[in-house]
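Below you'll find the structure, written out as structure tokens, and then a few comments.
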2 protein chains.
Amino acid sequence: MPDAHDVLFRTLADPTRRALFERLCREGEKTVGALTERAGVSQPVVSKHLGILKQAGLVRYRHEGRQTHYSAQLGALAPLVDWTSEMAGFWQSRFNALEDLLKRMDQ
Amino acid sequence: MPDAHDVLFRTLADPTRRALFERLCREGEKTVGALTERAGVSQPVVSKHLGILKQAGLVRYRHEGRQTHYSAQLGALAPLVDWTSEMAGFWQSRFNALEDLLKRMDQ
DNA sequence: AATTCACATAGCTATAGAGCTATGCATAGA
DNA sequence: TCTATGCATAGCTCTATAGCTATGTGAATT
């Protein structure tokens, strides 16, 4: 079973899907129809991508009559943020370790 | 042609490839042989993934005799950080520190 | 009640790419 | 020079999935 990073990276790796998420982040809540207009793909494809984004926790929806309004769920990006910070942290600590070593050798 | 985000997300979406990058971040420079030992896939597959990571700018290598030493190139994560920051505007402050760090360390 | 509309689901095709084995190409060592 | 080693490349197979059209479902409209 894939971990949280896996789901997020895989979900956001598709350009069409990421573009949908970006639009929801930038422009706020949108209906499926509104998203389909500028998505460059058919409505079923948009629905499918939204379903995948939903499963990843990146979006949520709200029914209003026969329309479905989707919106971004930004909190879901946290694992991605953490992962990136962690990688940067390891890098930095090794850099510092090297600095310390060089300082000690300098004496 | 795919943009920088596309390349990064696609490159890091594969678990095997991301694990290789993580190991290089955590443990520093490694030879292909050392990476292959714990990768769970064959050596050619490791080489292929390293090639893709290289193309994405996430790693670099150095030849030493018949060995190739790979290491993480963390600066390449900057576009990912930027994208995330942009999407999650209200987390911006939490990320400025990391962004600055990456900028200073980017070679 | 019948029709139209908004979206979801089903089922299919085609392609991308992750894995394998076999082999090539240097370099190190005998 | 001949063999062994470390890695890269070639060529293949197989699975995952992004896209499509057709159809289902439920709400609004007449």
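Proteins get letters first, then strands, A, B, ... in listed order; numbering begins at 1 in each.
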Inset, instruction - Could you tell me whether the side chain of A:F21 reaches within less than 4.5 Å of the side chain of A:L50, counting heavy atoms only? - result: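 No. Closest side-chain heavy atoms not under 4.5 Å.
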Inset, instruction - Please tell me if the side chains of B:L58 and B:L12 come closer than 4.5 Å, counting only heavy atoms from C-beta onward. - result: yes
Rounded distance in Å - [atom1] ([X]) to [atom2] ([N]):
X     : N      : atom1 : atom2 : value
B:I52 : C:dG19 : CD1   : C1'   : 12 Å
A:L35 : C:dA8  : CG    : C1'   : 15 Å
A:L50 : C:dA8  : CG    : C1'   : 11 Å
A:K54 : C:dT9  : NZ    : P     : 12 Å
B:R18 : C:dG17 : CZ    : P     : 16 Å
A:H49 : C:dT9  : NE2   : P     : 15 Å
B:L12 : C:dA18 : CG    : P     : 12 Å

Inset, instruction - For A:R62, look at atom CZ and say whether over 12 heavy atoms of other residues, nucleotides or ligands are found less than 6.0 Å away. - result: yes
Inset, instruction - Treating Ile, Leu, Val, Met, Phe, Trp and Tyr as nodes and any side-chain heavy-atom pair under 4.5 angstrom as an edge, say whether A:I52 and A:V7 lie in one connected cluster. - result: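 A:I52 and A:V7: separate clusters.
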Legend entry - Shared hydrophobic cluster, A:V41 / A:Y70 (ILVMFWY, side-chain heavy atoms < 4.5 Å):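 A:V41 clusters together with A:Y70.
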When all nucleic acid strands are considered with a 4.0 Å heavy-atom cut-off, which category describes [X]: base, sugar-phosphate, or nothing?
X     : value
B:V45 : base
B:T16 : sugar-phosphate
A:V41 : sugar-phosphate
B:Y61 : nothing

Legend entry - Which nucleotide in C:dG17, C:dG19, C:dT9 has an atom nearest any side-chain atom of B:K48: C:dG19
Inset, instruction - Taking only the side-chain nitrogens and oxygens of B:S42, find out if one of them lies under 4.0 Å from OP1 or OP2 of C:dC20. - result: yes
Legend entry - Distance below 4.0 Å between A:T31 side-chain N/O and C:dA6 OP1 or OP2: no
Inset, instruction - State plainly whether the residues B:D14 and A:R10 are in salt-bridge range, i.e. N to O under 4.0 Å. - result: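 No salt bridge links B:D14 with A:R10.
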Legend entry - Closest-nucleotide 5' rank along DNA chain D - winner of A:G65 and A:R17: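 Its nearest nucleotide lies further toward 5', so the answer is A:R17.
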Legend entry - Rounded distance [0.5 Å steps], OG1 in A:T36 versus NE2 in A:H49: 11.0 Å
Inset, instruction - Hey, which sits more toward the 5' end of DNA chain C by its nearest nucleotide, A:Q67 or A:P44? - result: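 Looking at DNA chain C, the more 5' nearest nucleotide goes with A:Q67.
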Legend entry - Check: A:R66 side chain, C:dC7 base, donor-acceptor under 3.5 Å: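 Flag unset: no donor-acceptor pair detected.
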Legend entry - N/O donor-acceptor pair, side chain A:Q43 with base C:dA6, under 3.5 angstrom: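 When only heavy-atom distances are counted, A:Q43 does not reach the base of C:dA6 through any donor-acceptor pair under 3.5 Å.
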Legend entry - Segment of DNA chain D, first to last nucleotide, that comes within the 4.0 Å heavy-atom reach of chain B: D:dA4 to D:dT9
Legend entry - Residues A:V59, A:Q73; criterion side chain to side chain contact (heavy atoms under 4.5 Å, CB included); working and verdict: CA-CA 5 Å; A:V59 300; A:Q73 189 103 359; 5.6 Å; no
